[in-house]
Amino acid sequence: MSTPIKISQAADYVGQTVTLTGWVQKRTDKGKLQFITLRDGSGLMQCVVFKQNLPEDQFTAARYITLESAVSITGNLRAEPRAPGGFELDASQFHVISRAEDPYPLAPKRDGGEHGVDFLLNHRHLWIRDPRQVAILRIRATLIKAIRDWLDGHGFTLVDTPIITPAAAEGTTTLFATEYFDEPAYLAQTGQLYNEANIYAFGRVYCFGPTFRAEKSDTRRHAMEFWMVEPEMAFTDLYENMEIIEQFVSYCVQTVLRERAAELAALGRDTSKLAQVTPPFPRLHYDEAVELLRRNGFPDFPWGEDFGAPHEDTISAQFDKPVFVHHYPREVKAFYMQPDPDRPETVLACDLIAPEGYGEIVGGSQRMHDYQTLLEAIERHRLPRAAYEWYLDLRRYGTQPHSGFGMGLERVLMWLAGLPHIREALPFPRLYRRFYP
RNA sequence: UCCUGCGUAGCUCAAUCGGCAGAGCGACCGGCUGUUAACCGGUUGGUUCCAAGUUCGAGUCUUGGCGCAGGAGCCA
């Protein structure tokens, strides 16, 4: 009798006869001895197939099996120090479930056998089987869980916001257009405005889903479809907002470091700096950030301009932790942000810039809570008032100072996993001029 | 959208001054009972991105187009 098991359960079945089903990840042909590395989604198992230990036709099938074929292998599971992972299956049965065509398009990594980015992305449906990609996406799943666990444990309620929306939320950014029967509609670029309605019912809410930007941004930090978590809190000012952000981000980082240590190690990520990510985070007023830039390579940086990638990198390079920049000039920020009552040319906004050059990972602000101020802002930005009537309504029925932020999942994942490009942070990335497969 | 670079075998790349189109890997065949990117021998492999031009002759030079990458802008 044999027991069907997953490779991850191997330690519990040493000495027993078990059956594994999976895919042929690697094969070494030694004549009468075949090494087959099997992948089943839970782990990898080296299987040894000795000619004398199984029927002739089954040995022949193993001898000529192709990479990525689906097979089932039965045999005695034993501890074997010579095998990767410390366990090995000594095959007594080998059955082909489906034979993969050959050659398999993605070659095993060897000297000079690397693939180019274009080729890999065009084969993303196969590339995703690669151990590195699996490690990254497991970290992604753990990061998502950490995000939800922390928010769920701190009084936030998940309230989903619509993906099909009737109008631009922020007006300036380009939206993906679609149609809602006979009317124009757009894919959501943020759930924030709806979150602001939901806090009146729940106090603290968050939405977490895909968002869409039709910007022709062609950089390693941009995807057209990406995931963003957006918490929103009633009766909360900018400073409480920043405290929440640093607690939240620190929990996410430490949870991933603890639960995905093996994957991070497999990626070669140096986690020494990540281990230091604990509250509080350094904070710079925009004025101070400008001064810092002027002292560090940008002597003529004008007050009032937004920061580009080189500026963010210069600021973050001064710190080992993520750094807040707050009180940005009003002109460079979204229409709904609350002006600082003492300096109305600035707004109660904060960005969080990740260390090691990974750029902005969080953007947050205190929102305008006064009806008249918001109405003037909408008119000043020439936004269609009719589309925002419901949003203005929120300032008529129980308005209060409230704040929130958005965190880009893939940006954080890039930082944690040490990814050079956002394309590896999504299972099937939608990039500028690329959405196949 | 702008700047820079690249485009040659299934993949990664060579090809001198404009002069016979090459290698490694993969795949296939053979050998090997301990491989970890196995090793050894053999076989297979081409619309040199597309179009036009210069030339006795173009992978190489010119013009246009297409595709990709890196950077910038914009943002999360």
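Here is the naming used below: chain letters follow the sequence lines, and residue numbers restart at 1 for every chain. All heavy atoms count here, side chains included; hydrogens, waters and symmetry mates do not. In this text the structure is predicted, and so the values were computed from the model without any measurement.
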Practice task
Measure the shortest side-chain to side-chain distance between A:W415 and A:P355 over non-hydrogen atoms and say whether it is less than 4.5 angstrom.
Solution key: yes
Write out a two-atom table: protein N or O, nucleotide N or O from nucleotides 42-45 of chain B, distance below 3.5 Å.
none

Problem - Any donor-acceptor N or O pair under 3.5 Å, side chains A:T17, A:S2 - result: no
Handout entry: Base B:C75 to side chain A:H222, donor-acceptor N/O within 3.5 Å cut-off
Key = yes
Completion exercise
Contact check, residues 349-364 of chain A vs RNA chain B, heavy-atom distance under 4.0 Å, returns A:E360, A:I361, A:V362
Handout entry: Closest nucleotide among B:U33, B:G73, B:U12 to the A:P310 side chain
Key = B:G73
Handout entry: A:F405 CZ - B:C75 C1' separation (whole Å)
Key = 18 Å
Problem - Distance, C1' atom - from B:G42 to B:C68, rounded to whole angstrom - result: 37 Å
Exercise for the section: Side-chain contact test, heavy atoms from C-beta onward, threshold under 4.5 Å: evaluate it for A:S365 versus A:F405 and give yes or no. Expected result: no
Handout entry: Minimal non-hydrogen separation, A:A79 against A:V14, with atom names
Key = N-CG1, 4.0 Å
Problem - Between B:G45 and B:G34 - C1' atom distance, rounded Å - result: 33 Å
Practice task
Among the candidates B:C11, B:G73, B:U36, find the nucleotide nearest to the side-chain atoms of A:R82.
Solution key: B:U36
Problem - Note, A:Y388 side chain near A:L374 side chain (heavy atom, < 4.5 Å) - result: no
Exercise for the section: Determine whether any donor atom in the side chain of A:R221 lies under 3.5 Å from an acceptor atom in the base of B:C74, or the reverse, and answer yes or no. Expected result: no
Handout entry: Separation of the C1' atoms in B:G26 and B:A9, to the nearest angstrom
Key = 11 Å
Practice task
Rounded to whole angstrom, note down the C1' distance from B:G57 over to B:C11.
Solution key: 32 Å
Problem - Interatomic spacing from CG in A:N122 to OH in A:Y436 - rounded to 0.5 Å - result: 7.5 Å
Handout entry: side-chain hydrogen bond (donor to acceptor under 3.5 Å, both in side chains) partners of A:H326, counting only residues at least two apart
Key = none
Fill in the blank from the handout: Quick note, salt bridge (charged side-chain N to carboxylate O under 4.0 Å, His left out) partners involving residues 148-161 of chain A, not counting sequence neighbours, are A:K145-A:D149
Give every pair of a protein N or O atom and an N or O atom of nucleotides 28-32 of chain B that lie under 3.5 Å apart, one pair per line with the distance.
from: B:C28; atom 1: OP1; to: A:D102; atom 2: OD2; distance (Å): 3.2
from: B:G30; atom 1: OP2; to: A:Y64; atom 2: OH; distance (Å): 3.2
from: B:C32; atom 1: N4; to: A:D29; atom 2: O; distance (Å): 3.2
from: B:C32; atom 1: N4; to: A:D29; atom 2: OD1; distance (Å): 3.3
from: B:C32; atom 1: N4; to: A:G31; atom 2: N; distance (Å): 3.2

Practice task
Identify the two heavy atoms, one from A:S8 and one from A:S42, that lie closest to each other, and give their separation to 0.1 Å.
Solution key: N-OG, 2.9 Å
Practice task
Could you give the distance separating B:C39 and B:C25 at their P atoms, to the nearest angstrom?
Solution key: 8 Å
Fill in the blank from the handout: side-chain hydrogen bond (donor to acceptor under 3.5 Å, both in side chains) with A:E424: of A:R140, A:R132, A:R220, only one passes, and it is A:R132
Exercise for the section: Can you see which heavy atom on A:P437 is nearest to which on A:F428, and at what distance? Expected result: O-CD2, 3.8 Å
Practice task
Determine whether A:Y432 and A:H222 make a side-chain contact, defined as any pair of heavy atoms from C-beta on separated by less than 4.5 Å.
Solution key: no
Problem - Any A:L257 side-chain heavy atom under 4.5 Å of A:T271 side chain - result: yes
Practice task
Return yes if the base of B:C74 and the side-chain atoms of A:S217 contain a donor-acceptor N/O pair under 3.5 Å, otherwise no.
Solution key: yes
Under 3.5 Å, which donor-acceptor pairs do the side chains of residues 238-248 of chain A form with other protein atoms, sequence neighbours left out?
from: A:E240; atom 1: OE2; to: A:D237; atom 2: N; distance (Å): 3.2
from: A:N241; atom 1: ND2; to: A:G404; atom 2: O; distance (Å): 3.1
from: A:E246; atom 1: OE1; to: A:F281; atom 2: N; distance (Å): 2.9

Exercise for the section: Decide yes or no for A:E196 and A:R367: does some side-chain heavy atom of the first lie under 4.5 Å from some side-chain heavy atom of the second? Expected result: yes
Fill in the blank from the handout: Sorted by chain and residue number, the ring-ring contact (aromatic ring centres under 6.0 Å, His included) partners of A:F119 (sequence neighbours excluded) come out as A:H115, A:H123
Handout entry: Strand-adjacent residues in residues 14-26 of chain A, judged by heavy atoms under 4.0 Å from RNA chain B
Key = A:K26
Problem - 5' priority, RNA chain B, between A:G308 and A:A223 [closest heavy atom] - result: A:G308
Handout entry: Polar pair under 3.5 Å, donor/acceptor by atom type, side chain A:E215, base B:G73
Key = no
Practice task
Would you please name every residue forming a ring-ring contact (aromatic ring centres under 6.0 Å, His included) with A:H311, sequence neighbours left out?
Solution key: A:F298, A:F301
If you restrict it to nitrogen or oxygen atoms, what contacts under 3.5 Å exist between nucleotides 4-9 of chain B and the protein, and what is each distance?
none

Practice task
Provide the distance between the two C1' atoms, one in B:U48 and one in B:C61, to the nearest whole Å.
Solution key: 15 Å
Completion exercise
Of the candidates B:C11, B:A76, B:G34, the side chain of A:L33 sits closest to B:G34
Exercise for the section: State, yes or no, whether a side-chain contact exists between A:I136 and A:E263 at a heavy-atom distance under 4.5 Å. Expected result: no
Fill in the blank from the handout: Residue pair A:G408/A:P105 against RNA chain B: nearer the 5' end by closest nucleotide is A:P105
Problem - Nucleotide B:A76, atom P - distance to CZ of A:F208 in whole Å - result: 16 Å
Exercise for the section: Taking the side chain as every heavy atom from C-beta outward, state whether A:L416 and A:V253 have any atom pair closer than 4.5 Å. Expected result: yes
Practice task
For B:A52 and B:C20, measure between their C1' atoms and round to the nearest Å.
Solution key: 27 Å
Practice task
Starting from P on B:U35, measure out to CD on A:Q46 and report it in whole angstrom.
Solution key: 10 Å
Practice task
Check A:R39 against A:L44 and note the closest heavy-atom contact, atom names and distance.
Solution key: CB-CD2, 3.6 Å
Fill in the blank from the handout: In numerical order, the residues of residues 226-234 of chain A whose heavy atoms come under 4.0 Å of RNA chain B are A:F226, A:M228
Practice task
May I ask you to check whether A:Y391 and A:Y336 place their ring centres under 6.0 Å from each other?
Solution key: no
List, with names and distances, any nitrogen or oxygen atoms from the protein found under 3.5 Å away from nitrogen or oxygen atoms belonging to nucleotides 67-71 of chain B.
from: B:C68; atom 1: O3'; to: A:R434; atom 2: NH2; distance (Å): 3.2
from: B:A69; atom 1: OP1; to: A:R434; atom 2: NH2; distance (Å): 3.4
from: B:G70; atom 1: OP1; to: A:R423; atom 2: NH1; distance (Å): 3.2
from: B:G70; atom 1: OP1; to: A:R423; atom 2: NH2; distance (Å): 3.1
from: B:G71; atom 1: OP1; to: A:R220; atom 2: NE; distance (Å): 2.9
from: B:G71; atom 1: OP1; to: A:R220; atom 2: NH2; distance (Å): 3.4

Practice task
Over 60° means perpendicular and under 30° means parallel, so classify the ring planes of A:Y286 and A:Y328, tilted if in between.
Solution key: tilted
Problem - Span that lies between the P atom of B:U12 and that of B:U47, in whole angstrom - result: 16 Å
Practice task
Report the distance from atom CD1 of A:I147 to atom C1' of B:A76, rounded to the nearest whole Å.
Solution key: 12 Å
Exercise for the section: Whole angstrom is fine here: how far is it from CG in A:N53 over to C1' in B:G34? Expected result: 14 Å
Practice task
May I ask you to check whether over 12 heavy atoms, not counting those of A:F435, lie within 6.0 Å of atom CZ?
Solution key: no
